[in-house]
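All remarks here apply to the structure that follows.
All values derive from a computational prediction rather than experimental measurement. By convention in this document, chain letters (A, B, ...) are assigned in the order of the sequence lines, proteins followed by strands, and residues within each chain are numbered from 1.
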Amino acid sequence: MSMPSVTRATPASRAALFIGLVVLVVLALGPYWAGRADMRLMSEIFLYLALACIWNLMAGYAGLVSVGQQAFVGFGGYMLFALTIFGGLHPVPAIIVGGFLAAALSIPIATLIFRLKGAYFAIGTWVVAEVFRLSFAQIQSLGGGSGSSLPVAIVKEIGAKKATREANSYWLALGAAVIVLLAVYFFLRSRRGLALTAIRDSEVAASGLGIDIWRTKLEVYVIASAFTAIIGGLIFLQKLRISPDAAFSVNDWTAFVIFIVVIGGIGTLEGPIIGTLVFFALRETLADFGTFYLMVLGLVAIVVMLKAPKGLWGLVRDRFDLELFPLSYRVRFPKDEEGS
Amino acid sequence: MSALLKVDGLSKSFGAIVVADKTSFEVNEGAAIGILGPNGAGKTSLFNLITGVLRSDAGSIHFDGQEITSVGAAGRCKLGIARSYQVPHPFVGMTVFENALVAATEGASLRGHDAENHVIGVLEQTGLLPKANVRAGALTLLERKRLEMARALAAKPKLLLLDEIAGGLTEAECGELIQTIQAVNESGTTIVWIEHVVHALLAVVDHLIVIDFGKKISEGEPKKIMESAEVKEIYLGVDPDV
């Protein structure tokens with residue numbers, strides 16, 4: 001009898017890869033077929049998708065339920081403004097440098113807040129975000145409490161004409177979402193990702209099997225902080241204006257993101273994608289109803305949490321045993337292959 | 001034979017409750033040792049101290065010629081200590097294969113096909129190979145107990161700590177388990193086994209340690225220990241003087 005073999009791809013994942021590539025090509029050609037408003041909306045969708053993937057990696061896998069991700073969104077936004085206005089950098093490298101600075105900053109923050117567990121950790125992250133908001137409001141050269149706009153000369157570095165500028169910032173948003181999605185995918189597929197998934201399910205057993213939980217969580221936190229800051233930079237490159245309240249908004253950059261991940265399916269890679277689509281579908285249909293829209297969002301969140309605690313993707317996965325991203329290992333036995 | 005594990009004056013208490021009281025013993029390389037004691041005697045706590053889940057208040061632990069008292073749980077696993085939990089802690093969202101694979105890649109630092117082949121071997125040995133693609137959350141209690149052992153073995157331990165792995169098994173299953181554990185021991189893995197199913201324990205171990213209230217009561221050759229007055233008193237409640 002020959003040895004069983006181990007595979008990871010499934011027919012569903014191969015189909016998903018093909019469809020994903022087609023969708024990516026169509027989206028990449030967006031500036032040639034989409035209107036201005038559509039492109040703005042799609043850019044926002046891409047950036048939210050990226051934020052949701054990052055938050056899902058932290059909360060869904062590493063158990064780091066942060067409600068303070070706005071700290072790094074705002075930090076990334078402010079770094080874009082500071083490094084372009086005072087550092088003379090082009091916006092794109094400024095955003096990337098902002099990511100590295102956020103990574104460096106996240107290490108001392110982690111050593112502080114990792115001492116807190118569960119709900120205390122969540123509150124701790126929020127406190128950190130408030131400290132960020134209050135600190136940036138003190139910086140008068142960046143507009144203090146009322147904020148500032150990105151100077152026209154810097155905006156033009158993204159594209160001299162309005163149409164090129166819009167196309168370029170669309171591609172930046174799309175590119176960032178694809179990079180974040182792929183980074184999270186390859187991380188989860190790696191040896192470290194397997195360890196992280198084990199931590200998600202049982203920290204006690206994971207540490208007993210040789211996984212350094214603190215270090216793994218720190219890695220996730222640092223990577224998540226860097227990517228969140230980069231996305232924050234891109235968000236405020238779209239908005240062209242920043243203020244402490246907008247940059248460090250818990251509603252915009254954390255509450256909506258949590259909604260997306262929870263209704264989509266926390267702790268799965270597919271969940272944030274589904275959640276992002278549902279969130280924007282709701283937002284676009286209910287946009288005219290004002291605050292009523294937030295009430296509907298809350299209601300949807302409650303119903304999903306009660307009826308499908310693993311989110312919409314959890315329902316689908318349990319029923320059809322589907323996996324679009326081939327993260328699982330499947331053992332194939334020789335007799336399966338003969339088809340007997 | 002040299003001592004693989006040396007526990008010296010190990011103490012731990014939670015407030016007034018003493019779970020380890022200046023416990024000292026040695027486990028020789030290649031040995032199979034049984035630990036007996038009534039419920040709440042501190043058996044599982046002793047495992048938690050050896051694996052680094054709990055930090056001791058006093059005393060030292062040496063493993064493989066190295067002091068590990070201040071090494072964390074993950075580090076101790078990498079050095080070669082793996083255990084099965086009395087109450088299984090499966091990674092419920094991962095398949096049986098993935099559960100064991102993570103032990104092979106993290107605990108035993110194996111890579112790629114070496115890790116995969118090692119895991120397939122371990123699953124075959126523990127009878128879990130047909131369940132390889134099943135999510136651990138869908139396993140029965142007995143299968144979860146087997147998975148505990150499979151995962152521990154996948155970490156390629158020098159010292160395997162088994163915590164009440166035979167409880168609830170049928171006679172036939174118990175026989176299989178004994179054979180598996182004997183085979184693991186014969187392949188050179190040192191075993192320390194906490195078990196209430198005494199006949200299973202005695203079929204495997206060549207040395208017994210009895211603990212109660214966190215204290216080592218006695219240790220020695222299994223037969224003699226089982227006939228000793230102290231053990232009879234602890235287990236049967238018989239006053240030896242009457």
Is the number of heavy atoms from other residues, nucleotides or ligands under 6.0 Å of Leu141(B) CG greater than 12? yes

Contacting moiety of Leu327(A), where chain B heavy atoms sit under 4.5 Å: backbone

Less than 4.5 Å to any heavy atom of chain A: does that hold for the side chain of Thr51(B), its backbone, both, or neither? neither

Would you say Lys217(A) has more than 12 foreign heavy atoms packed within less than 6.0 Å of its NZ? yes

Under 4.5 Å, counting heavy-atom pairs only, tell me which of Glu98(B), Arg151(B), Glu148(B), Arg83(B) racks up the most with chain A. Glu98(B)

Is it the side chain or the backbone of Arg215(A) that comes within 4.5 Å of chain B heavy atoms, both, or neither? neither

Run the numbers on Met94(B) and Leu194(A) for side chain to side chain contact (heavy atoms under 4.5 Å, CB included), then give the verdict. CA-CA 9 Å; Met94(B) 298 162 75; Leu194(A) 190 69; 3.7 Å; yes

Take atom CD in Gln179(B); do more than 12 heavy atoms of anything else shown fall under 6.0 Å from it? no

Selection from Val53(B), Leu101(B), Val96(B) maximising heavy-atom pairs under 4.5 Å formed with chain A: Leu101(B)

Residue from Ala132(B), Pro157(B), Gly93(B) scoring the most non-hydrogen pairs under 4.5 Å with chain A is Gly93(B)

Counting heavy-atom pairs closer than 4.5 Å to chain B, which one of Arg330(A), Arg192(A), Arg191(A) comes out on top? Arg191(A)

Could you tell me if the side chain of Ile120(B) sits less than 4.5 Å from the side chain of Val6(A), heavy atoms only? yes

Within-4.5 Å side-chain heavy-atom neighbours: Leu209(A) and Glu106(B): no

With a cut-off of 6.0 Å (strictly less than), are more than 12 heavy atoms of other residues, nucleotides or ligands near NZ of Lys12(B)? yes

Of the listed Lys78(B), Arg111(B), His113(B), Arg135(B), the one with the largest count of heavy-atom pairs under 4.5 Å with chain A is Arg111(B)

